[in-house]
Amino acid sequence: MIDDRVQVLSQDYDPLFNTETPVCAGYFYDPKNFVDRYQVFWGTGSLCHDFHVGGVLTTEPHEVRAASMLANSGGQIYLLIAGGALNSKMGVFSIEGQPDASYLVPRIDHTYSNGTTQTPTVANLPEGVYLRNWDNFIHPLNTAELPEVLITGDGDLSTELSGYPMRLEWFYDFNPVSVGGGTTLNPTKEAQSATDRLYVFKLGTPHKRWFKFNLRMRSHYTDAAGGGASTSYFVDPSSEGDNTINFYGSIVSMLYTVGPREVTR
Amino acid sequence: MSQVSPKKQIKFGPINVYGNPVDRPADTGSLVRDFRVMPGHWLRLRSGRLGRRNLTNAYDVLDFIPVEFAGQLGSGTHLMHVTYGASDSRIIKMNISGGTITFPDSEAGIETLCHQYSNLATYKVPWAKLPDSIVFGNGWGYHGSNLEPIPFLTQYDSAGNVRYFGLHSRPDSPRYAVGGPPSFSYAAGGGSPHNQVTTSVTLYVGLYNAVTGHYSNPLPYPTTITTTGGTGIITANSLRAANYTTHGSTETAELYYVFYATIDGYQVPYLIQSATLDGPYKVAVGTASTTLNIMGSTANGWTLDLTKRAPTKNYPPRQMSAIWNANGRLYGIPYEFYDQTGTNDYFQFGFGFSANDPFQLTKKDQGSVCWSEAEGSSRTQDFTGDPLQSWPPNNISPVPSGERPIFGTPAPNEVDSLVWTPTRTYLLKEQSDGLHEWECVSDAHGLYGGALGNGVRTVKKTRHGVCWMSQRKQVMIFKG
């Protein structure tokens, strides 16, 4: 018997953390940054259940041991986590919108290197991974070529990385899938406009039935900041697209074309 | 071979690994990691974290305790449960001014938790928010071979004061060897005002906190004062038999001995008033004795406040693994604490005045939820003391399944209580007549346990309902 007031939120992704050991959870509500999620932490990562979108995972530089939203005497609400290395060092960190920084979201990870220093170590965020489910862009009995994928996002060559922040990895026809185990492509800037942030990934392999894309995004906080803001923060999401440099660490659209196809049956 | 089709747009959605692997919902991922799926189906790297303050050589942080007293948007000071070693666990203050976080008092803490009888070195401390204070477990409690006279709960109030929550006396505690029960002496003769007993009077002595207005259950004087046959002076002796404990001089200065007496020839004791009739007659704790010739032109030498019967329900909070505040009442889960070796079982929660008191709680009581008197108790009757500091032993109800509850919290309506066992979720509802009734809302989903009770730390109230992680590591919500 289950009362209809009780619901399973994780039914779409239940298997993903079967082997993890939950430590704690937090509820984070930051409407200025469209954050409304329940987040369960374990030693090296977390599960975020966004109440409007669904589930995603994170990796964490240090183990998170406690989480809460606390309001100071002025009513400004900080989304806090406490974490570090168990039995060695623990610090208090704020995530998502920072009330003392116009509610901008940090695009760096701070950690404390020992149990006494108050100067945090700065690091890039971990690489974002978006591995889509298998796509069949035509009838599954037919084969086709996907000549190219066009992505609008943070694709410029990074000075910090000496490479591209955004990469596309792809798999086909149920070959083994693992992050880094597919064919990885770098972007090429689409011509005609220098600022439209549109990049092309040339696949050009014919006779495939099933496709799986992995969009990867590396953090590169020391490169030029988006919109003139500090290198420590993302721009306000409501102003994305309106700044000098847009879409830092972001992918805002992905288009594909289906090329020549073959009816095999 | 057909023509190249026009470009089509792909959207970005959340993880979905449910169902047919070649027919999952459109625009979902089998792995989405360190990206946020933003509203409108675009991707952005997850938020980073800004270091606000490093704790000094801390081992672990077990919980934040948000402080928001009634009428405030927030607070400049919150509390945290932090461990600094295998047997050093503290409730410390965390100041937040703008975005600057500091830990005052060099992280010394407002309370160092007792580990000898508790698991609070590794389990998050039970705490609850009241309109004017935070109360939390300190790991002590009335129990064990030492018969510790220390209440299990500590209060941190809006003025920043720390005191024990609940009052109780244990004259047989070896911690304060004071020499047995209280006694009185009667000296015939002069004195003004004077005492006189016509038929019989029984005296009681108890503890009183003048700041919180709470009274302990009083200790009876073993001997009834019979007819004195004339006037004289009654001296109450051995007051220190009414044991007390405090956090220091500030709390000690809040505590007093107060006295109760029966109406001459009758059986029900009432509070003895001061000579100015503006409160109880009280003497500072630590005083050895006091004379009770308080007021002239009275039957016995004192005036009784007939609206204040000697309390009989003001038992202190027992040891509990969780506490919460719902609908004007504090609730808790009785918990059996062991000593550090894990072998000595301190099941005796100690409600009475001696080790053999019949009001002991046993293991079977741990399959229950207990509760304090309610704020409303003081409005529907003349309740002597603070109802929330008063936990009568019979305010308890067993979980219907017979399981031991793991945790409880206010339901989203903040009237009922949500209680978890390892395999079930219940609502505990108080009816208008004060009776409590259980309702099973899921007999399939309980609360994740974990070696250190981590499941308790996954329970969070959200604006959509109360979320938790079940025993199968599923993310659950009760929308109530």
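Every chain is numbered from 1, with letters handed out A, B, ... down the list of sequences.
Heavy atoms of B:R46 lying under 4.5 Å from chain A belong to its backbone as well as its side chain. Contacts of B:L427 with chain A are made by side-chain atoms alone, with heavy-atom separations under 4.5 Å and no backbone atom involved. Residue B:P412: no heavy atom, backbone or side chain, is found under 4.5 Å from chain A. A:L150 touches chain B through its side chain: at least one heavy atom from C-beta onward sits under 4.5 Å away, while N, CA, C and O do not. Heavy-atom distances place the side chain of A:V105, and not its backbone, under 4.5 Å from chain B. For chain A, the nearby parts of B:I96 are the backbone and the side chain; heavy atoms of each come within less than 4.5 Å. In this structure, chain B has no heavy atom under 4.5 Å from any part of A:E145. When heavy atoms are compared at a cutoff of 4.5 Å, B:D27 approaches chain A by way of both its backbone and its side chain. Neither the backbone nor the side chain of B:R424 comes within contact range of chain A, judged by heavy atoms closer than 4.5 Å. Heavy atoms closer than 4.5 Å to chain B are found nowhere in A:P99, neither backbone nor side chain. Within the 4.5 angstrom heavy-atom criterion, only side-chain atoms of B:F103, from C-beta onward, approach chain A. Heavy-atom distances place the side chain of A:L16, and not its backbone, under 4.5 Å from chain B. A:F137 touches chain B through its side chain: at least one heavy atom from C-beta onward sits under 4.5 Å away, while N, CA, C and O do not. Neither the backbone nor the side chain of B:Q72 has a heavy atom closer than 4.5 Å to any heavy atom of chain A. Of the atoms belonging to A:L125, it is side-chain heavy atoms, and not backbone ones, that fall under 4.5 Å from chain B. If you measure heavy-atom distances from B:F12 to chain A, the contacts under 4.5 Å come from both the backbone and the side chain.
Residues B:S30 and A:K212 have side chains in contact (heavy-atom distance under 4.5 Å, counting atoms from C-beta outward).
Here A:D109 is the residue among A:I95, A:D109, A:T58 with the most heavy-atom pairs under 4.5 Å with chain B. Contact count versus chain A (heavy atoms, under 4.5 Å) is highest, among B:L45, B:L73, B:V22, B:D63, for B:L45. Contact tally against chain A (heavy-atom pairs below 4.5 Å) for B:T56, B:D23, B:I65, B:T28: the top residue is B:T28. Comparing B:Q9, B:K461, B:H464 by how many heavy-atom pairs each has under 4.5 Å with chain A, the most go to B:H464. The choice from A:V40, A:T59, A:I77, A:D50 that makes the most heavy-atom pairs within less than 4.5 Å of chain B is A:T59. Considering only heavy-atom pairs separated by less than 4.5 Å from chain B, the leading option among A:Q76, A:Q39, A:E20 is A:E20. Between chain B and the options A:P120, A:G153, A:S88, A:A144, heavy-atom pairs under 4.5 Å are most frequent for A:S88. Of the listed residues (A:G55, A:G54, A:P15, A:P140), the one with the most heavy-atom contacts under 4.5 Å to chain B is A:G55. Between chain B and the options A:C48, A:A101, A:G91, the largest number of non-hydrogen pairs under 4.5 Å is found for A:G91.
Not a single donor-acceptor pair under 3.5 Å links the side chain of B:K124 to the backbone N or O of A:A66. Between the side chain of A:Y130 and the backbone N or O of B:G13, at least one donor-acceptor pair lies under 3.5 Å. Here the side chain of A:Y112 pairs a donor or acceptor atom with the backbone of B:R53 at under 3.5 angstrom. The main-chain N or O of B:G76 is never found under 3.5 Å from a side-chain atom of A:S73 such that the two would form a donor-acceptor pair. B:N54 places a side-chain N or O within 3.5 Å of a backbone atom of A:N114 that can act as its donor or acceptor partner. A donor-acceptor pair under 3.5 Å links the side-chain atoms of A:Y78 to the main chain of B:G99, judged by distance alone. Put simply, the side chain of B:R457 gets close to the backbone of A:R65: a donor and an acceptor are under 3.5 Å apart.
Between the CG atom in A:N72 and the NE2 atom in B:H78 there is a gap of 7.0 Å [rounded to 0.5 Å].
For A:F51, the CZ atom is densely surrounded, since the number of other residues' heavy atoms within 6.0 Å is greater than 12.
Under the 4.0 Å criterion applied to side-chain N and carboxylate O atoms, B:K473 and A:D14 are not assigned as salt-bridge partners.
Tested against B:R49 for a side chain to side chain donor-acceptor pair (under 3.5 Å), the candidates A:E60, A:H110, A:H62 yield a single pass: A:E60.
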